[in-house]
Amino acid sequence: MPTCWLLSDAGLHQPIHLPHSHPVILGRGPETTIKDKKCSRQQVELKADCNKGYVKVKQLGTNPTFIDSAVVGTGNEYKMKPGQQLYIVNRLYPYTIQFKYGSTGNHGVPKRPRDSTLEDRESQLEAPKTKASKQTEKVAVSGSHTEAKKTTESVGHWSQGLKVSMQDPKMQVYKDDKVVVIKDKYPKARYHWLVLPWQSIPSLKALGSEHNDLVKHMQKVADQMVRQCPDASSLGFRTGYHAIPSMSHVHLHVISQDFDSPCLKNKKHWNSFTTDYFINSQDVIQMLETNGRVAVKEGVTELLKLPLFCHKCHKELNTIPALKDHLKSHIPHR
DNA sequence: GTTCTAGAAC
DNA sequence: GTTCTAGAAC
């Protein structure tokens with residue numbers, strides 16, 4: 001990972017290190033040598049992302065901080081990339097950022113804490129005990145070292161897990177010539193299935209009007225799963241897609257609305273099923289039919305950070321345990 | 001996607 | 001002190 005440096009273009013001082021993911025607050029003070037009263041002591045917060053190659057610039061002070069000719073604005077945050085110029089306040093005190101890669105000597109470049117062994121990696125596989133995955137593993141190690149790593153990472157990477165699971169007969173609860181249904185490995189409710197097409201479609205973005213019939217069929221199969229569920233009418237169900245799923249391969253969630261599951265653990269889990277991050281299957285079908293593509297709104301990722309609201313009564317809960325406790329009150333008991 | 005854990009929140 | 005979250009590592 002490179003290191004990030006903030007350079008004073010006016011040569012006021014030596015470069016300031018911006019450690020990855022650690023906010024650095026700058027303003028009037030000895031560090032910048034800025035004495036201008038218009039500049040707050042805490043004028044800007046800078047947070048470098050050395051992997052993605054940008055710095056998040058947040059204006060904390062009242063007077064305007066600029067990135068190139070644009071005002072950031074108090075409380076606002078913008079991504080600044082190399083080549084852009086930051087003016088700490090009032091188009092004064094120009095700065096640029098630079099990402100530096102370690103020298104070939106690799107001095108001070110942090111190493112991974114431990115090497116992941118084959119056993120480690122195998123235990124992360126979706127279905128470690130299937131013949132298929134064992135075999136890929138064996139093929140992989142028989143190659144050269146680097147080749148082996150490449151192979152195992154592409155097929156064994158967690159984001160590819162659904163491709164493995166859907167092929168495993170033990171996981172399949174339904175299949176036909178177009179789709180397969182599996183139980184979600186980490187169900188977020190009492191009933192949680194995934195409908196996957198056999199055809200390899202990485203994500204919603206890859207869907208076009210040629211997939212109209214396929215997504216309709218996926219919905220039909222989803223409805224069929226709901227119908228055969230004995231608790232469908234009491235719990236309620238939703239069928240839909242995550243706007244930006246973590247797992248590759250298009251998958252339709254069929255999930256009961258109790259959200260009673262030990263696998264539901266954090267805000268992202270909750271908001272991904274209870275905000276507009278969850279796109280109803282019907283909406284996907286309609287978008288595809290009318291526009292020939294699925295529109296994913298910009299900034300949906302922000303929805304995952306929203307406070308926790310009950311999906312039934314919209315009460316706000318402060319913590320996940322409090323939410324889970326509250327959810328119990330909505331579960332019908334016989 | 002999950003797990004792990006540092007440190008924030010209580 | 002414990003609980004809980006959020007970010008990094010996997």
Side-chain angles (χ1 to χ4, degrees), chain A residues 1-4 18-25 45 47-56 58 77 109-128 133 137 140 148-168 171 182-189 192-196 202-204 240-255 259 261-273 277-278 300-309 316-327:
Chain A
M1 189 167 70
T3 53
C4 183
L18 302 177
H20 175 64
S21 190
H22 282 271
V24 171
I25 293 171
E45 181 189 283
K47 197 161 94 177
D49 189 319
C50 295
N51 293 321
K52 292 175 181 163
Y54 59 69
V55 172
K56 279 187 180 169
K58 190 173 181 180
E77 194 174 67
V109 174
K111 273 280 165 202
R112 299 202 317 168
R114 67 190 173 96
D115 254 328
S116 57
T117 61
L118 186 62
E119 287 71 28
D120 277 344
R121 221 176 287 125
E122 189 168 48
S123 68
Q124 288 153 16
L125 283 172
E126 191 81 12
S133 59
E137 205 73 43
K149 208 166 180 187
K150 241 185 186 173
T151 316
T152 43
E153 270 173 19
S154 54
V155 58
H157 189 265
W158 57 261
S159 65
Q160 306 302 311
L162 290 178
K163 298 186 204 299
V164 181
S165 292
M166 64 185 275
Q167 299 294 338
D168 182 356
M171 309 284 272
I182 59 173
K183 277 187 175 181
D184 193 293
K185 199 184 177 194
Y186 298 92
K188 303 301 184 289
H192 188 181
W193 296 286
L194 304 176
V195 184
L196 305 112
S203 72
L204 290 181
Y241 301 81
H242 279 154
I244 304 169
S246 303
M247 306 295 280
S248 188
H249 203 109
V250 160
H251 52 284
L252 172 59
H253 291 272
V254 183
I255 185 165
F259 294 108
S261 164
C263 299
L264 182 79
K265 292 179 174 175
N266 59 48
K267 185 175 265 191
K268 182 176 175 176
H269 291 156
W270 180 251
N271 284 332
S272 73
F273 286 102
Y277 194 87
F278 191 83
V300 274
T301 316
E302 297 307 304
L303 298 173
L304 298 175
K305 297 171 190 163
L306 286 173
L308 303 167
F309 292 104
E316 181 176 346
L317 286 308
N318 288 325
T319 64
I320 288 289
L323 170 69
K324 297 189 74 151
D325 202 53
H326 171 83
L327 289 176

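Model, not experiment: these values are computed from the prediction. Lettering of chains follows the sequences in order, A, B, ..., and the numbering in each one begins at 1.
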* To do: Quick one: label Thr319(A) by what it contacts on the DNA or RNA (base, sugar-phosphate, nothing), any heavy atom closer than 4.0 Å.
  => sugar-phosphate
* Asked: Looking only at atom types and distance, does a side-chain atom of Lys56(A) sit under 3.5 Å from a main-chain N or O of Tyr54(A), one as donor and one as acceptor?
  -> no
* Could you tell me whether the side chain of Tyr186(A) and the main chain of Pro262(A) form a donor-acceptor pair under 3.5 Å? => no
* To do: Report which part of the nucleic acid His251(A) touches: base, sugar-phosphate, or nothing (heavy-atom distance under 4.0 Å, all strands).
  => nothing
* Structure fact -> DNA chain B: first to last nucleotide in contact with chain A (atom under 4.0 angstrom from a heavy atom), 5' to 3', is dG1(B) to dT3(B)
* To do: Keeping the roles fixed (side chain from His20(A), backbone from Cys50(A)), state whether a donor-acceptor pair exists under 3.5 Å.
  => yes
* To do: Check the pair Leu252(A), Tyr241(A) against side chain to side chain contact (heavy atoms under 4.5 Å, CB included), reporting the backbone distance first and the verdict last.
  => CA-CA 5 Å; Leu252(A) 172 59; Tyr241(A) 301 81; 3.6 Å; yes
* Which is true for His22(A) with a 4.0 Å heavy-atom rule: it touches a base, it touches only sugar-phosphate, or it touches nothing? -> nothing
* For Lys188(A), which contact category applies under a 4.0 Å heavy-atom criterion: base, sugar-phosphate, or nothing? -> sugar-phosphate
* Structure fact -> For Pro307(A) and Lys267(A) the tightest heavy-atom approach is CA-NZ, 4.2 Å
* Answer with base, sugar-phosphate or nothing: what part of the nucleic acid does Lys265(A) contact at a heavy-atom distance below 4.0 Å? => sugar-phosphate
* To do: Please work out whether the ring planes of His253(A) and Phe273(A) are parallel, tilted or perpendicular, with thresholds of 30° and 60°.
  => perpendicular
